[in-house]
Amino acid sequence: MLLRLPTTVSEVQECMAEGAVPIGGATLVWAGWQRDGFPALAMSLRDLPEATVVEPEALGAAVVLHRIDDRVPEVLRRAAGTVGTGAVRRTATVGGNIVGSSLRCLLPAALVLDARPTVLGPDRAYETDLAEVVAKRHLLLGLRWRTPTASGYRKEPAEAGGPPPLVVATAVHADDEGRHHLRVAVRDGYEVLSETAPCDEGADQALGALERTDIGALHSAARDVVRAQVADILDSLSDR
């Protein structure tokens with residue numbers, strides 16, 4: 001297998017035209033390659049500046065998870081810190097987790113941040129939404145978002161080899177008129193739900209609005225975790 005390390009977007013496009021298989025840490029594909037055979041050509045974005053940024057409002061797709069620190073919002077930092085083992089986090093990348101993984105542990109955090117992904121097509125880089133990235137498995141270059149007023153994350157305990165653990169991510173955002181709204185994303189099994197609710201009047205207002213969405217139709221244990229997370233994040237705002 002020949003591994004290419006492009007340093008510009010145009011070089012990435014050349015690799016794509018040659019049929020190069022994108023890889024990050026290869027944590028999700030290595031076993032399959034050992035079983036079925038390695039591709040002739042692969043590429044990593046680890047030398048591409050656009051894919052390696054870690055900033056308060058941006059994160060590159062080639063960033064390995066253990067590099068995600070307090071430069072980014074709490075919800076994203078905590079989501080990355082709960083993925084796999086330390087060895088996995090030192091090799092797994094943001095792009096591999098969101099695009100290549102069936103669990104997509106970072107997706108709930110990205111959704112509540114209202115993150116906008118930049119992807120690379122055959123002829124140009126462009127901004128799209130997370131739903132399109134997940135559905136079409138685009139080549140992700142990075143994510144951008146606006147800093148939330150507050151954010152939080154909770155991942156329930158789970159047995160190794162069992163069903164995916166329940167995840168609840170939350171973030172509060174202020175609009176241009178000073179009103180606040182709460183974004184909540186829940187991973188239940190392999191499904192991820194995301195909803196938005198007003199929250200200026202507190203947890204009761206937000207939870208009442210969420211009850212009328214698909215999140216309100218979740219099983220009781222999941223709804224209990226959502227209620228606790230919503231109360232926690234809105235209480236933290238009232239204490240400021």
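The analysis underlying the following values was restricted to heavy atoms, covering all of them including side chains, and did not include hydrogens, waters or symmetry mates.
Linking ILVMFWY residues whenever their side-chain heavy atoms come closer than 4.5 Å, directly or via other members, leaves V64 and L59 in distinct clusters. By the rule that hydrophobic residues join a cluster once side-chain heavy atoms approach within less than 4.5 Å of another member, L48 and V133 end up as members of separate clusters. Residue V192 is grouped with residue V134 when hydrophobic side chains (ILVMFWY) are merged at heavy-atom distances under 4.5 angstrom, including chains of intermediate members. Residues L65 and V53 do not share a hydrophobic cluster, clusters being chains of Ile/Leu/Val/Met/Phe/Trp/Tyr side chains in contact below 4.5 Å. Residues L103 and L111 do not share a hydrophobic cluster, defined by chaining ILVMFWY side chains whose heavy atoms lie under 4.5 Å apart.
For the side-chain hydrogen bond (donor to acceptor under 3.5 Å, both in side chains) test, residues two or more places apart in sequence or in another chain that qualify with T8 are S10.
The heavy-atom pair separating A110 from L143 by the smallest distance is CB-CD1, 4.3 Å. Residue V112 comes nearest to H173 through the heavy atom pair O-NE2, 2.7 Å, listed as atom of the first residue, atom of the second, then distance. When all heavy atoms of L45 and P6 are compared, the pair lying nearest together is CD2-CG, 4.5 Å. Across R77 and V72, no two heavy atoms sit closer than the pair NH1-O, 3.5 Å. When all heavy atoms are compared, the tightest approach of H219 to D188 is NE2-OD1, 3.2 Å. Looking at every heavy atom in both residues, Q205 comes nearest to D200 through OE1-N, 3.1 Å.
Remark: side-chain polar atoms of R89 are paired, donor with acceptor, to backbone N or O of G84 under 3.5 angstrom. Panel note: side chain R187, backbone L166; no donor-acceptor pair is recorded below 3.5 Å. Distance alone, capped at 3.5 Å, is enough to place a donor-acceptor pair between the T91 side chain and the V88 backbone. Checked by atom type and distance alone, the side chain of R116 pairs as donor or acceptor with a backbone atom of T128 at under 3.5 Å. Of the possible polar contacts, none joining the R223 side chain to the A217 backbone as a donor-acceptor pair under 3.5 Å is found.
Annotation: side chain of T118 is not in contact with side chain of Y126 (no heavy-atom distance under 4.5 Å).
Under 3.5 Å, the side chains of T147 and E57 contain a donor-acceptor pair of N or O atoms.
Salt bridge status for E18 with R4: present, with a side-chain N to carboxylate O gap under 4.0 Å.
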Give every donor-acceptor pair under 3.5 Å between a side-chain atom in residues 135-142 and any protein atom, sequence neighbours left out.
from, atom 1, to, atom 2, distance (Å)
R137, NH1, V99, O, 3.1
H138, NE2, E132, OE2, 2.9

Identify all side-chain donor-acceptor contacts of residues 156-164 below 3.5 Å with residues at least two apart in sequence or on another chain.
from, atom 1, to, atom 2, distance (Å)
E156, OE2, R154, NE, 2.7
E156, OE2, R154, NH2, 3.2

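Remark: D47 CG is packed, more than 12 non-hydrogen atoms of other residues, nucleotides or ligands lying under 6.0 Å away.
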